[in-house]
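Residue numbers start at 1 and run along the sequence shown.
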Amino acid sequence: MSRPEQRSLHFNLFIHDTGHHEASWRLPESEPLAHIDVAYHQRLARIAEDAKFDSLFLADSPALWGDPGRRPSGRLEPTVLLTALAVSTSRIGLIATASTSYNEPYNLARRFASLDHVSGGRAGWNIVTTAGDAAARNFGLEGQPTHAERYDRAAEFIEVSTKLWDSWEDDAVVADKDRGVHAEADRVHRFGHVGRHFRVDGPLNVPRSPQAHPLLVQAGSSEDGKDFAARYAEAVFTAQPTLEEGQAFYADVKRRAVAAGRDPEGVKILPGIVPVIGDTEAEARELDAELDRLIQPEYAKLQLATLLGLDPDRFALDEELPSDLPEEDEIEGSKSRYTLIVQLARRERLTVRQLIGRLGGGRGHRTFTGTPVQVADTIQHWFEHGAADGFNIMPAVLPSGLEVFVQRVVPILQERGLFRTEYTGRTLREHYGLPRPANRFASTLVGA
């Protein structure tokens, strides 16, 4: 299949402390305090920006995930950290995860509008509904709300947030010293939202930001997640381990976007890829094997049980997953990731130990071990065969995996005309080829 005219890849760097492989922190060259080191994150951001990546991304959860005794587990609050990255970069987009279940629209809309101002229009919001009882108990709840309830709240959260971002018109601030008028009062709107989950008067206490709205990103792949993406998302991060699954997901979300009245080109699909790169296939396989040897199986089994929401005592390392696991519709946690992992184990008849090894590199994302040309070929094949608009780059080891990718793989894709050699815009929306949203309240002034 030939590449459509002028269509080019989008790359997002997913920063995950010392790398996405479970054991990356145990390598001699890894920095064990990377997860709380601002300078370390700034260095990664500049490497990705020099390579002309569209954006970088920080995941987050309002709960401690995993056993802090076994690998780096703490995280700096992402919008605060991205503010530090904003002042040390000038073009790369800055995307933070934030939960609609454990935030309020006003405070979160203000944080993202502020980040968009500080960065000159480079902010993005990865919208998550947050599964798991641990987070719920940090906010006074006995357990997590149901899957449907979380998505219902998320939809209204987006509605309120976009109203807040629109509450100042673009030309509201006039700073007219002669008249003594800083902002035209009739261009700052109180909208009085009253809904099932929220009552918010508005307006926001931050003027309209350079992008108007941050880029809206979504990462759930359940049926509710895909419907939500089709309605609201402008970029979708997804875990798709095979080309066929990637193609099916891509076509499904684009179809749902059309059904929701949207242009499918306005929804960019970015599967995750964990590249392990060597000068030869043998060298790449040895690096991958070295990482796998450092996995601690008993700890990894606990993580797997947590991810699936099941009792770890049900898992035996050298046996397959139990045959009587719940179906997806019985799961109230992360439905899509649960299904991905169980299907992988069933399809390949993996023991728990083997499954842990497969998940250790990227938690169900596509892992690829090979030479720079082979990695570039895989990316191109997915891109040209209806499985991706770009990729969420998830190096197994940081910073070395990122450095190899930008030095060895990116130039191949640039030579093939698949990836930019220079930025052509300044905002994150411009990088992704997306328009700046119109203000819903501006029409009230027409004819006034």
Side-chain angles (χ1 to χ4, degrees), residues 1-16 19-21 24 43-57 89 91-93 235 237-244 246-247 250 268-288 291 361-362 365-425 430-433:
M1 183 183 295
S2 62
R3 182 168 58 90
E5 189 69 23
Q6 295 184 337
R7 183 168 176 252
S8 61
L9 285 159
H10 299 286
F11 281 156
N12 174 77
L13 170 63
F14 184 170
I15 298 177
H16 186 64
H20 285 268
H21 195 282
S24 60
R43 177 187 172 193
L44 294 176
R46 286 191 290 265
I47 292 171
E49 183 172 70
D50 288 344
K52 309 302 184 272
F53 274 44
D54 297 69
S55 52
L56 62 83
F57 161 58
T89 59
R91 303 295 279 276
I92 194 167
F237 296 158
T238 181
Q240 302 297 328
T242 69
L243 174 65
E244 294 73 22
Q247 289 169 324
Y250 186 96
K268 308 298 184 184
I269 310 297
L270 282 75
I273 185 170
V274 184
V276 180
I277 305 168
D279 288 335
T280 65
E281 288 185 58
E283 182 181 306
R285 285 195 298 269
E286 175 53 34
L287 175 57
D288 192 41
L291 287 164
H365 288 272
R366 172 79 164 110
T367 58
F368 189 88
T369 302
T371 67
V373 170
Q374 289 172 329
V375 173
D377 287 346
T378 295
I379 288 172
Q380 181 172 356
H381 191 71
W382 280 52
F383 180 58
E384 294 184 343
H385 289 79
D389 294 307
F391 285 87
N392 204 11
I393 306 301
M394 303 168 58
V397 180
L398 287 169
S400 60
L402 174 62
E403 291 168 335
V404 172
F405 184 85
V406 303
Q407 292 167 7
R408 303 291 301 281
V409 178
V410 168
I412 296 171
L413 296 168
Q414 290 171 330
E415 289 169 5
R416 296 177 184 179
L418 293 164
F419 188 63
R420 67 171 67 88
T421 57
E422 293 294 340
Y423 289 111
T424 57
E430 289 171 337
H431 298 342
Y432 278 95

Would you please test Phe11 and Val409 for side-chain contact (heavy atoms from CB on, under 4.5 Å) and show each step?
-> CA-CA 12 Å; Phe11 281 156; Val409 178; over 6 Å; no

With the side chain counted from C-beta on, respond yes when Asp54 and Phe419 share a heavy-atom pair under 4.5 Å apart, and no when they do not.
-> yes

For the residue pair Leu243 and Ala387, what are the closest heavy atoms and their distance?
-> CD1-CB, 3.8 Å

Atom pair OG1 (Thr367) and CG (Asp288), whose distance is rounded to the nearest 0.5 Å = 7.0 Å

How far apart are the closest heavy atoms of Arg285 and Thr369, and which atoms are they?
-> N-CG2, 3.5 Å

When rounded to the nearest 0.5 Å, the distance separating CG of Leu9 from NZ of Lys268 is 11.5 Å

dist Met394:CE -> Phe237:CZ (nearest 0.5 Å) comes out at 10.5 Å

Reported CZ-to-CG distance for the pair Arg46 and Leu56, which is rounded to 0.5 angstrom = 12.0 Å

Could you tell me whether the side chain of Asn12 reaches within less than 4.5 Å of the side chain of Asn392, counting heavy atoms only?
-> yes

His385 and Gln247: which non-hydrogen atoms are nearest, and at how many Å?
-> O-NE2, 2.7 Å

Side-chain donor-acceptor distances from residues 398-406 under 3.5 Å, at least two apart:
from, atom 1, to, atom 2, distance (Å)
Glu403, OE2, Arg43, NH2, 2.7

Could you please spell out the steps behind the side-chain contact (heavy atoms from CB on, under 4.5 Å) verdict for Gln374 and Ile277?
-> CA-CA 9 Å; Gln374 289 172 329; Ile277 305 168; over 6 Å; no

Find out whether Lys52 and Thr424 are in side-chain contact, i.e. whether some heavy atom of one side chain is under 4.5 Å from a heavy atom of the other.
-> no

Under 3.5 Å donor-acceptor, Arg420 side chain and His431 backbone = yes

Under the side chain to side chain contact (heavy atoms under 4.5 Å, CB included) rule, collect the residues that match up with Ala48, sequence neighbours excluded.
-> Leu13, Phe53, Ile92

Closest approach of Gln240 and Trp382, non-hydrogen atoms and distance?
-> O-CH2, 3.2 Å

Tyr423 side chain near Glu49 side chain, heavy-atom distance below 4.5 Å | yes

Using a 4.5 Å cut-off on heavy atoms from C-beta on, say whether the side chain of Arg408 contacts that of Thr371.
-> no

How far apart are the closest heavy atoms of Phe368 and Ile273, and which atoms are they?
-> CB-CD1, 4.5 Å

Which value, rounded to the nearest 0.5 Å, describes the distance between Leu413 atom CG and Thr421 atom OG1?
-> 12.5 Å

Nearest heavy-atom neighbours spanning Val375 and Pro275 = CG1-CB, 4.2 Å

Which word best sums up how the rings of Phe14 and His20 line up, parallel for under 30°, tilted for 30 to 60°, or perpendicular for over 60°?
-> perpendicular

Quick one: are His21 and Val276 in side-chain contact, heavy atoms under 4.5 Å?
-> no

Pair Tyr250, Thr238: side-chain N/O donor-acceptor within cut-off below 3.5 Å | no

Rounded to the nearest 0.5 Å, what's the gap from CG on Asp50 to CZ on Arg91? Could you check?
-> 12.0 Å

